[in-house]
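Here the structure is laid out as structure tokens; the discussion comes afterwards.
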Amino acid sequence: MIKNKIDVVAIIPCKMDSIRLKDKNISIINNKTLLEHTIEYAQQSRYVNTIIVSTESEEVEEICRKYPEVLIHERPEHLLKDADTVDVYVDVVKKIDNEKITHVVGLQVDNPDRSSKLDSILEYFVNKKYDDLVTVDEDGTRNGSVRVIKAEFVKADNVSRRVGSIRDICTNIHTQQDLEIARNNMKNNI
């Protein structure tokens, strides 16, 4: 539990120009797109007050309309292709009313089978007094399924020096084989 009030915005980058797996972010597992799994993951948090999907795709926007509380951010062309995801977070935060935001959570769409609850990650982040935290796989490799950053650093476009990590076992989908692995992992989570 977090003692002080926090105001969290969850930003979901969801571009449609994946090179390795076409239409990856709208691939289906358990009758939902990877994007829908990610939105619903964010919705489970009692700390997240705003969910924003950053996209250039009308198809993604249509999916987002199923969730009236989800805001859509039009992703500029210079933040497509191989743009750094942090630049997407900065772009979104600078274009919204960000005065009350205390934390920014970045959620990657291609990690639908997260094993850690978002509130547990946020509580860990706050209690450990981190400035920046990113999830890692079993072997310690960053998977980026969840990234938490103090909002002050995102607002200033300044990545912190004090970065923590927390394990989240999930599939990072880049290929059809990865998609099948995630489907198998999620069969019992319908």
Side-chain angles (χ1 to χ4, degrees), residues 1-15 25 34-35 37-55 69-71 73 75 79 82-174 178 182 185 189:
M1 189 65 140
I2 298 174
K3 296 177 185 174
N4 299 330
K5 181 177 178 345
I6 63 173
D7 191 329
V8 179
V9 61
I11 300 173
I12 303 171
C14 191
K15 63 184 179 139
N25 291 335
L34 300 184
L35 172 59
H37 284 289
T38 304
I39 290 170
E40 291 174 9
Y41 177 78
Q43 288 176 324
Q44 293 172 7
S45 172
R46 66 177 170 256
Y47 302 117
V48 171
N49 296 313
T50 307
I51 300 171
I52 301 172
V53 174
S54 176
T55 188
E69 69 283 0
V70 172
L71 303 175
H73 171 262
R75 190 163 174 173
L79 292 177
D82 291 330
D84 194 314
T85 309
V86 171
D87 292 331
V88 174
Y89 305 152
V90 170
D91 185 63
V92 171
V93 169
K94 287 187 176 205
K95 292 180 179 168
I96 62 172
D97 178 13
N98 64 28
E99 291 303 313
K100 295 179 185 174
I101 297 170
T102 59
H103 297 79
V104 173
V105 171
L107 298 174
Q108 296 297 326
V109 175
D110 53 358
N111 303 96
D113 55 347
R114 294 170 178 88
S115 62
S116 299
K117 298 213 177 290
L118 183 52
D119 284 354
S120 296
I121 294 171
L122 285 164
E123 290 164 2
Y124 178 81
F125 179 91
V126 170
N127 292 334
K128 293 291 186 181
K129 298 182 170 109
Y130 286 123
D131 296 330
D132 195 339
L133 178 139
V134 64
T135 53
V136 296
D137 289 328
E138 186 87 29
D139 65 358
T141 303
R142 288 173 60 162
N143 63 30
S145 74
V146 178
R147 183 163 184 183
V148 183
I149 309 169
K150 281 187 178 177
E152 64 190 88
F153 298 109
V154 179
K155 292 174 188 178
D157 193 3
N158 181 15
V159 178
S160 73
R161 285 174 256 143
R162 191 160 184 243
V163 178
S165 61
I166 188 169
R167 188 176 66 165
D168 185 28
I169 309 308
C170 57
T171 307
N172 195 351
I173 298 174
H174 294 294
D178 297 336
N185 289 344
N189 296 337

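On a predicted model such as this, the values are computed, not experimentally measured, just so you know.
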Between [X] and [Y], is there a donor-acceptor pair closer than 3.5 Å when you use the side chain of the first and the backbone of the second?
{"X": "Thr135", "Y": "Ser145", "value": "yes"}
{"X": "Lys117", "Y": "Gln44", "value": "no"}
{"X": "Tyr89", "Y": "Ile11", "value": "no"}
{"X": "Asn98", "Y": "Val93", "value": "yes"}
{"X": "Asn143", "Y": "Asp168", "value": "yes"}
{"X": "Asn25", "Y": "Lys15", "value": "yes"}
{"X": "Asp113", "Y": "Thr171", "value": "yes"}

**Set of residues satisfying salt bridge (charged side-chain N to carboxylate O under 4.0 Å, His left out) with respect to Asp91, sequence neighbours excluded** = Lys95
Please report the closest heavy-atom contact between [X] and [Y], naming both atoms and the distance.
{"X": "Ala10", "Y": "Leu107", "answer": "CB-CD1, 4.2 Å"}
{"X": "Gln108", "Y": "Gly144", "answer": "CG-O, 3.0 Å"}
{"X": "Arg142", "Y": "Val136", "answer": "CA-CG1, 3.9 Å"}
{"X": "Gln43", "Y": "Ile51", "answer": "CG-CD1, 3.7 Å"}
{"X": "Val109", "Y": "Thr38", "answer": "CA-OG1, 3.4 Å"}
{"X": "Cys170", "Y": "Asn111", "answer": "SG-ND2, 3.6 Å"}

**Request:** Evaluate the side chain to side chain contact (heavy atoms under 4.5 Å, CB included) criterion for residues Val104 and Val92: first the C-alpha distance (whole Å), next the side-chain angles of each, then the deciding distance (0.1 Å), finally the verdict.
**Result:** CA-CA 10 Å; Val104 173; Val92 171; over 6 Å; no
For a 4.5 angstrom cut-off between non-hydrogen side-chain atoms, does [X] reach [Y]?
{"X": "Ile96", "Y": "Leu71", "result": "no"}
{"X": "Lys94", "Y": "Asp157", "result": "yes"}
{"X": "Leu118", "Y": "Tyr41", "result": "yes"}

**Partners meeting side-chain contact (heavy atoms from CB on, under 4.5 Å) with Asp119 (sequence neighbours left out)** = Ser45, Arg46, Tyr47, Leu122, Glu123
Would you compute the distance between atom [atom1] of [X] and atom [atom2] of [Y] and round it to the nearest 0.5 angstrom?
{"X": "Arg75", "Y": "Cys14", "atom1": "CZ", "atom2": "SG", "answer": "8.5 Å"}
{"X": "Asp132", "Y": "Ile149", "atom1": "CG", "atom2": "CD1", "answer": "4.5 Å"}
{"X": "Leu79", "Y": "Asp84", "atom1": "CG", "atom2": "CG", "answer": "9.5 Å"}
{"X": "Ile121", "Y": "Ile166", "atom1": "CD1", "atom2": "CD1", "answer": "5.5 Å"}
{"X": "Ile6", "Y": "Asn49", "atom1": "CD1", "atom2": "CG", "answer": "8.5 Å"}

**Request:** Check the surroundings of atom CG in Asp139: do more than 12 heavy atoms from other residues, nucleotides or ligands lie under 6.0 Å from it?
**Result:** yes
**Message:** Applying ring-ring contact (aromatic ring centres under 6.0 Å, His included), can you list everything that pairs with His103, at least two apart in sequence or on another chain?
**Reply:** Phe125
**side chain to side chain contact (heavy atoms under 4.5 Å, CB included) assessment of Asp178 paired with Asn172** = CA-CA 7 Å; Asp178 297 336; Asn172 195 351; over 6 Å; no
**Val86/Arg147 under side chain to side chain contact (heavy atoms under 4.5 Å, CB included): CA gap, chis, key distance, verdict** = CA-CA 10 Å; Val86 171; Arg147 183 163 184 183; 3.1 Å; yes
